[in-house]
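One structure is given below, encoded as structure tokens.
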Amino acid sequence: MQEFLNIIDGKGVQSSNGATFQNINPANSNDIIGTFPLSGKTDIDMAVASAKAAFKAWKLTPAPKRGDILRKAGDIFERRKEELSRIMTREMGKPVFETRGDVQEAIDTCYYAATEGRRLFGYTVPSEMHNKMNLSFRTPIGVCGVITAWNFPIAVPSWKIIPALVCGNTIVFKPSDDAPHSAQIFAEILEEAGLPAGVFNVVHGKVEAGAALVDHPDVALIGFTGSTATGKHIASICGAMNKRCSLEMGGKNAQIVMDDANLELALEGVLWGAFGTTGQRCTATSRLIIHEAIYDEFINLLISRATKLKLGNGLDDTTQVGPVINERQLSKIQNYVTIGREEGALCVLGGDRDTNGDLAHGNFFKPTIFIDVLPSMRIFMEEIFGPVLSVSKATSFEHAIELANICDYGLSSSIYTANVDAAFQAMRDIEAGITYINAPTIGAEAHMPFGGIKGTGNGHREGGWTAFEIFTEWKTVYIDYSGRLQKAQIDNQ
Ligand code: NAD
């Protein structure tokens, strides 16, 4: 069995106590991908020391040069795209046509960030005094801790790592223990692109390693993607330490279908939004809100199409829905199905595991649809993170928006309508960081702000130009060339 190592200061190292964990293919529990270090505080201490030492030179490397390295990284991601996509599918399950998109997002992020090395704009503005100049520019923050979920093992880390690096920060990355192999390839690619040793370090492990990173006094920033419960806990520690943290957390995203919508288009959208990545996306469509005039008709169409979705190993090109990530998540989903039934919602499709034939050794759960779901039910309100869609009936446009907004999360949202007035009102009134018009709740592009409000985020946005706000501090400079003392707010009155 292949043994993988942490990457600290450019070298492969075991965990300090030699402990490891196994990485298992969720489509086939007999397929063990390898062992990875089960790291703890000592390993994090070593990685942070390495990142801290490397920061001295990296922050002084001209930003366009840093950008050149990231452009090369984009080229290498492109070259290794197919190989990497298959590695990702093997360790986290989603079909390979989806993992290709995951890698593409990192390629796009590299190329975008490379050009940002030649911008990183600041401001030069007039002074209120004579013979004085005011300017401001961005400076790196220092050692950044990056902690991520497993469901986008390359794209999500790239949204943090690539902008952080072009800004001149160094990194300790604690990837999810459910997708550690992808993180290893990420490190290989950055090394081949020419990133100096120590600038990017990878420490594998579980909660203990993540907690040690958050707690480390030399880590100036935590970039986190994961569940809302973990994110809030991390935020409380960062708050007490006065440490910057950006949080990308859970979602419970709604797609609205109005009675004037193109139903075939809305159907394609919800099938992709709800069951793509087996519903394990922060932006997955987990609620469907249908206008009462088309409620029965649309549900019948939905059931007839969802029944035909093909479950299987994501490495098989005909697979449409892959496995759920692990046994723990499988039981969580099953538990929510029981809760939904007990609450009085009607399960009209799926509702249990699929263990037929080749699926017997994997974590497969049938696409599941509940109808007549009310806001008082937990399956309406709570993130399930699996192939479970909760369908509710709206009596009007206003009611649909109200239902969409009854939720503690605020990541993505969607409305299908042919009415331009309704579309614009929805853009304004839906409480979410992202709203799609006549498109599903998933489909973010790398150059646009990405993130959510309410229980999903803490005010930051990844993607595009907004990511650079997270990873830089502002330095303001006043240059007085008058040759005399000028007192602001006093001498110019
Ligand atoms: P999780 O919160 O269990 O774990 C996320 C990461 O945090 C893992 O690397 C884990 O090891 C680490 N971690 C756990 N406890 C920690 C602690 N106390 N201190 C430091 N690190 C700790 O989430 P998950 O199950 O891996 O991922 C699923 C969740 O991620 C879902 O809620 C999903 O919506 C969310 N997600 C959000 C986005 C987004 O951009 N908003 C994207 C992808 C996934």
Side-chain angles (χ1 to χ4, degrees), residues 21 26 36 38-41 44 91-92 94 102 105 145-160 172-180 182-183 202-216 219 222-238 241 243 245-253 277-286 324-330 332-333 382-386 407-412 432-434 441-442 444 446 448-463 466-467 470:
F21 64 91
F36 287 80
L38 183 60
S39 313
K41 186 179 176 317
I44 290 288
E91 74 172 347
M92 54 71 68
K94 70 183 171 189
D102 201 315
E105 212 156 323
V146 171
I147 300 173
T148 52
W150 56 270
N151 61 338
F152 280 84
I154 291 291
V156 162
S158 81
W159 290 355
K160 303 176 199 301
V172 177
F173 177 30
K174 205 300 280 172
S176 169
D177 53 293
D178 282 314
S182 306
V202 181
V203 179
H204 293 287
K206 304 192 181 195
V207 178
E208 192 189 337
L213 188 57
V214 173
D215 217 26
H216 201 295
V219 174
I222 294 291
F224 170 80
T225 295
S227 64
T228 296
T230 307
K232 282 183 169 172
H233 173 70
I234 288 176
S236 70
I237 296 165
C238 290
M241 296 178 80
K243 185 177 292 204
C245 83
S246 74
L247 306 172
E248 296 290 346
M249 303 179 286
K252 187 74 183 174
N253 315 288
T277 319
T278 324
Q280 303 168 106
R281 288 184 182 230
C282 52
T283 52
T285 308
S286 47
V324 162
I325 189 67
N326 54 35
E327 287 279 345
R328 196 175 62 249
Q329 191 55 26
L330 213 48
K332 183 179 167 192
I333 296 166
E382 296 174 20
E383 184 183 50
I384 300 172
F385 218 57
C407 183
D408 294 335
Y409 297 101
L411 180 52
S412 188
I434 306 168
T441 60
I442 59 185
M448 293 294 286
F450 180 93
I453 61 173
K454 302 204 280 194
T456 299
N458 69 336
H460 295 286
R461 290 290 183 277
E462 298 188 332
T466 41
I470 300 173

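Quantities reported herein were computed from a predicted structural model and do not represent experimental measurements. Atoms within a ligand are numbered from 1 in the order they appear, just like the ligands themselves.
Checking S286 against E383 by side-chain atom types alone, no donor-acceptor pair falls below 3.5 Å.
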Output block, N or O contacts of ligand 1, threshold 3.5 Å exclusive:
{"residue": "ligand 1", "atom": "2 (O)", "partner": "S227", "partner atom": "N", "Å": "2.9"}
{"residue": "ligand 1", "atom": "2 (O)", "partner": "S227", "partner atom": "OG", "Å": "2.7"}
{"residue": "ligand 1", "atom": "2 (O)", "partner": "T230", "partner atom": "OG1", "Å": "2.8"}
{"residue": "ligand 1", "atom": "9 (O)", "partner": "T148", "partner atom": "O", "Å": "2.8"}
{"residue": "ligand 1", "atom": "9 (O)", "partner": "K174", "partner atom": "NZ", "Å": "3.0"}
{"residue": "ligand 1", "atom": "11 (O)", "partner": "K174", "partner atom": "NZ", "Å": "2.7"}
{"residue": "ligand 1", "atom": "23 (O)", "partner": "S227", "partner atom": "N", "Å": "3.4"}
{"residue": "ligand 1", "atom": "30 (O)", "partner": "G226", "partner atom": "O", "Å": "3.4"}
{"residue": "ligand 1", "atom": "32 (O)", "partner": "E383", "partner atom": "OE1", "Å": "2.6"}
{"residue": "ligand 1", "atom": "34 (O)", "partner": "E383", "partner atom": "OE2", "Å": "2.6"}
{"residue": "ligand 1", "atom": "41 (N)", "partner": "M249", "partner atom": "N", "Å": "3.3"}
{"residue": "ligand 1", "atom": "41 (N)", "partner": "M249", "partner atom": "O", "Å": "2.8"}

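Considering only heavy atoms from C-beta on, I222 comes within 4.5 Å of L213 through its side chain.
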Side chain to side chain donor-acceptor pair (under 3.5 Å), that's the test. Do K160 and T225 meet it? Break it down for me.
CA-CA 10 Å; K160 303 176 199 301; T225 295; 2.7 Å; yes

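Atom CD of E382 has more than 12 neighbouring heavy atoms from other residues, nucleotides or ligands inside a 6.0 Å radius. More than 12 heavy-atom neighbours from other residues, nucleotides or ligands sit within 6.0 angstrom of NZ on K454.
In this structure, the side chain of T228 engages the main chain of G250 through a donor-acceptor pair within 3.5 Å.
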